[in-house]
Structures are given as C-alpha cells and as structure tokens.
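Quick notes on the structure that follows.
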Number of protein chains: 2
Amino acid sequence: MNAMTIGKLAAAGRVGVETVRFYQRRGLLVEPERNGGVRRYDETDVSRLRFIRAAQAGGFTLAEIGELLALDATEDRARARELANKRIAEIDERIAALQSARKSLRRLADECAEGGDGRCPIIEAFEPS
Amino acid sequence: MNAMTIGKLAAAGRVGVETVRFYQRRGLLVEPERNGGVRRYDETDVSRLRFIRAAQAGGFTLAEIGELLALDATEDRARARELANKRIAEIDERIAALQSARKSLRRLADECAEGGDGRCPIIEAFEPS
DNA sequence: CTTGACTCCGTACTATGCTACGGAACCTAT
DNA sequence: ATAGGTTCCGTAGCATAGTACGGAGTCAAG
C-alpha cells in the first residue's frame, strides 16, 4: 500500500502540514487510521485535499467546501444542483465585478501611459462608468 | 455648502458608520474638518469612499487601495501604470480560475441533473481537467 | 541504541476587514 | 429646555484562513 505521512500528503497538496491539521479540525479531511500513533493517508486523501484547493480557487469558503464534501457522500442530487447553481450565479457576479475593475484599470494604465503631465486621475478611473 | 455628517456619508457609500471610522483610522479617508467637534464631509469624500468600494470589488486589499490613493496625489505615472498592470494580470488570473471553477460546477450540475441514481461525483467534477 | 527528522497535540498568535459597545458630548425639533 | 437621535472615542470582539510554538512521542538509519 502507498500509505503516506502527513508531511507527504501536505507536499502532494502543496500546503503546509499545519494546514492539513487545520482542515482535519474543520472536518474537511477525515482523521485517517493510525499506524501506532502516526496518521497514514492515501490517494483518496490527496484527491480530497486537491479538491479543497481547487474549490477554494473557485471562491468557495471552507464552510461551503465542507458542505460540498458532505454532499458528495449522499445522494441528494437536488441539493447538489442547488448549491452548484447558486455558486455559479455568484461566480458570474464576481467575474462581472472583476471585469469592471479590469476595465477601470486598463483605462487608468492607458491614460497614464500617453505622456502628458500632471497626475493620473486614479479615482476618476474608477468612477461609475 | 453641502456638508454632511458621517452618517450621511456612510449612507451615500452604502457602508456603515463604523466602516467610515475604520477607513479613517486606516488612513484611507482623511479626517475632515470639524464643525464644533462633529466631522463634516463633502462630495470628494463620497467619491473617495466609492472608489474604495469599487477597488475592493476588483480585489484590491485596503493596503493597496491606500497606495493607489496616495499615488493619486502624486505625479508618479510610472508607478501608477505599474500597479495597474500588475493588478490587471492578477485579475486575469482570478477570472480564469473562476471560469474554470464555473465549468466544473456547470458539469456537476448537468451530470447531477440528468436523472440517474447514485451520488453526484462532486470531487471528480473538480478533478484536474 | 542513539541521533535526527518527522509527527502529535493543544494552544496561541497573525492578518484582513470589519462590527459592536458604552458612556459622554452635541445637535435638532418641539 | 429637554428628549431623542447622532456623533465621538477608545477598546474589544468576530469571522475567515491559516501559521507558529514547544514539549513529548515515534520511526528509520547508521
């Protein structure tokens, strides 16, 4: 078997050991079997850990990720769909906000680029447009 | 003059009074003149406050926003451009991450939608694809 | 069988961005 | 002039997501 220690798991998920322990306390990672005091993890733990990081990158909070993980063990497809759709809507909003900010920044950079003197009107670059 | 109290300013910026005070402590909003103990704000303060919220929506931290605001008072166009471009790159990354997460979620919702039994493979939906 | 790396555990601390509390002062309308 | 709503101020607390500490236990190599 390819059992690994917490250090290996953390490395595989590119997080710190303390972070793994933290996720365990939060119930995101299950406390694994021990081999004489020392925890032993396997590939499914790596998957879970990677899932957590991927979901986080998608803007899920740890609490939401916990719900998703719990959901993954059930057959409540309706709830899973509901959560997914809710999050998609939130993601769309967030993307829109970022694109708006990007536009303001682009404007700022462009206006500041074309020589000229005086200062860049940074606040105006973000004015509701 | 259209001087307003902290409560009006907060309302105009859709934030709480405590938040305005917090921003003042952080140096994001300047301590305004007093009219016998009570602070009086004007339209420029509203602009600044709105700017802070807009920049925040674009993912800037309060520290970065402080730098932008400070920059707005200088003529350091190069630095302004640099900051803007750096942030644009970050925003693009963030948008890409969100779009990737969105795709996974879409897949999840779709797969869970089409009848079938058993559970939705949530973790697999986020597997490095 | 000892050394050094790793693990365990609880607890404490950090950073970010607010949010709340509570008593005093002040402002406004009646 | 007095009641009620704001404002002022420092300080304290909260949520999120970790990060650090330190002493004890364990494990594998030499």
Side-chain angles (χ1 to χ4, degrees), chain A residues 1-42 45 48-69 87 90 94 97 101, chain B residues 1-42 45-46 48-69 87 90 94 97:
Chain A
M1 47 203 58
N2 39 11
M4 52 188 127
T5 63
I6 195 171
K8 300 286 171 55
L9 172 62
R14 268 104 69 211
V15 301
V17 167
E18 300 296 333
T19 304
V20 172
R21 290 199 343 100
F22 174 68
Y23 288 167
Q24 260 158 17
R25 285 200 294 276
R26 289 290 299 259
L28 298 177
L29 292 176
V30 168
E31 292 275 349
E33 284 149 51
R34 303 284 177 108
N35 194 322
V38 174
R39 287 178 273 241
R40 296 292 165 180
Y41 303 85
D42 60 20
D45 294 304
R48 252 176 114 89
L49 183 49
R50 292 222 171 114
F51 167 77
I52 293 170
R53 304 304 281 191
Q56 245 182 335
F60 286 90
T61 64
L62 293 185
E64 289 169 325
I65 292 169
E67 194 175 359
L68 284 175
L69 286 169
R87 198 86 264 281
E90 282 170 23
R94 187 95 192 92
Chain B
M1 46 204 60
N2 39 11
M4 53 188 127
T5 62
I6 196 171
K8 300 287 171 56
L9 172 63
R14 268 104 71 210
V15 300
V17 166
E18 299 296 333
T19 304
V20 172
R21 289 198 345 100
F22 173 69
Y23 288 166
Q24 260 157 17
R25 284 199 296 274
R26 289 290 299 259
L28 300 176
L29 292 176
V30 168
E31 291 276 348
E33 284 149 52
R34 305 280 177 110
N35 194 321
V38 174
R39 288 178 274 241
R40 296 292 165 180
Y41 303 85
D42 60 22
D45 294 304
V46 176
R48 253 177 114 87
L49 184 49
R50 292 220 171 116
F51 167 77
I52 294 170
R53 304 304 281 188
Q56 244 182 335
F60 285 90
T61 64
L62 293 186
E64 289 169 324
I65 292 169
E67 194 177 359
L68 285 175
L69 286 169
R87 197 88 266 279
E90 283 169 22
R94 188 96 192 90

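Numbers restart at 1 for each chain; the letters A, B, ... are given by sequence-line order, proteins then strands.
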Is the phosphate of [N] approached by [X] (side-chain N or O, under 4.0 Å from OP1 or OP2)?
{"X": "B:Gln24", "N": "D:dC9", "answer": "no"}
{"X": "B:Arg25", "N": "D:dT11", "answer": "no"}
{"X": "A:Tyr23", "N": "D:dA17", "answer": "no"}

Sub-4.5 Å side-chain heavy-atom contact between [X] and [Y]:
{"X": "B:Val46", "Y": "B:Leu49", "answer": "no"}
{"X": "B:Arg40", "Y": "B:Lys8", "answer": "no"}
{"X": "B:Leu28", "Y": "B:Phe22", "answer": "no"}

- [ ] For A:Arg39, report the nucleic acid contact type (base, sugar-phosphate, nothing); a contact means any heavy atom under 4.0 Å.
- [x] sugar-phosphate

TODO: Verify the distance criterion only: is there a donor paired with an acceptor across the side chains of B:Arg25 and B:Tyr23 at less than 3.5 Å?
DONE: no

So, the side chain of [X] versus the backbone of [Y]: is there a donor-acceptor pair under 3.5 Å, distance only?
{"X": "A:Arg39", "Y": "A:Met4", "result": "no"}
{"X": "A:Arg87", "Y": "A:Gly59", "result": "yes"}
{"X": "A:Arg14", "Y": "A:Arg50", "result": "no"}

Please report, rounded to the nearest Å, how far the [atom2] atom of [N] is from the [atom1] atom of [X].
{"X": "A:Phe60", "N": "D:dA17", "atom1": "CZ", "atom2": "C1'", "answer": "17 Å"}
{"X": "B:Phe22", "N": "D:dA12", "atom1": "CZ", "atom2": "P", "answer": "17 Å"}
{"X": "A:Leu49", "N": "D:dG18", "atom1": "CG", "atom2": "C1'", "answer": "14 Å"}

Open item on the list: From the set D:dA17, D:dT6, D:dA20, return the single nucleotide nearest to any side-chain atom of A:Thr61.
Closed with: D:dA17

- [ ] Tell me which of B:Gly16 and A:Lys8 sits closer to the 5' end of DNA chain C, going by the nucleotide each one is nearest to.
- [x] A:Lys8

Open item on the list: Pick the closest DNA chain C nucleotide for A:Glu18 and for B:Arg26 by heavy atoms, then say which residue is nearer the 5' end.
Closed with: A:Glu18

Open item on the list: Let me confirm one number: the CD1-CG distance from A:Ile52 to A:Leu69, rounded to the nearest 0.5 Å.
Closed with: 5.5 Å

Task: Contacts of A:Arg48 that satisfy salt bridge (Lys or Arg N to Asp or Glu O under 4.0 Å) - sequence neighbours left out - done: none

Identify each atom pair where a protein N or O and an N or O of nucleotides 23-30 of chain D are less than 3.5 Å apart, giving names and distance.
from, atom 1, to, atom 2, distance (Å)
D:dC27, OP1, A:Gly36, O, 3.2

- [ ] With a 4.0 angstrom cut-off to heavy atoms of chain B, pull out the first and last contacting nucleotide of DNA chain C, in 5'-to-3' order.
- [x] C:dG17 to C:dC27

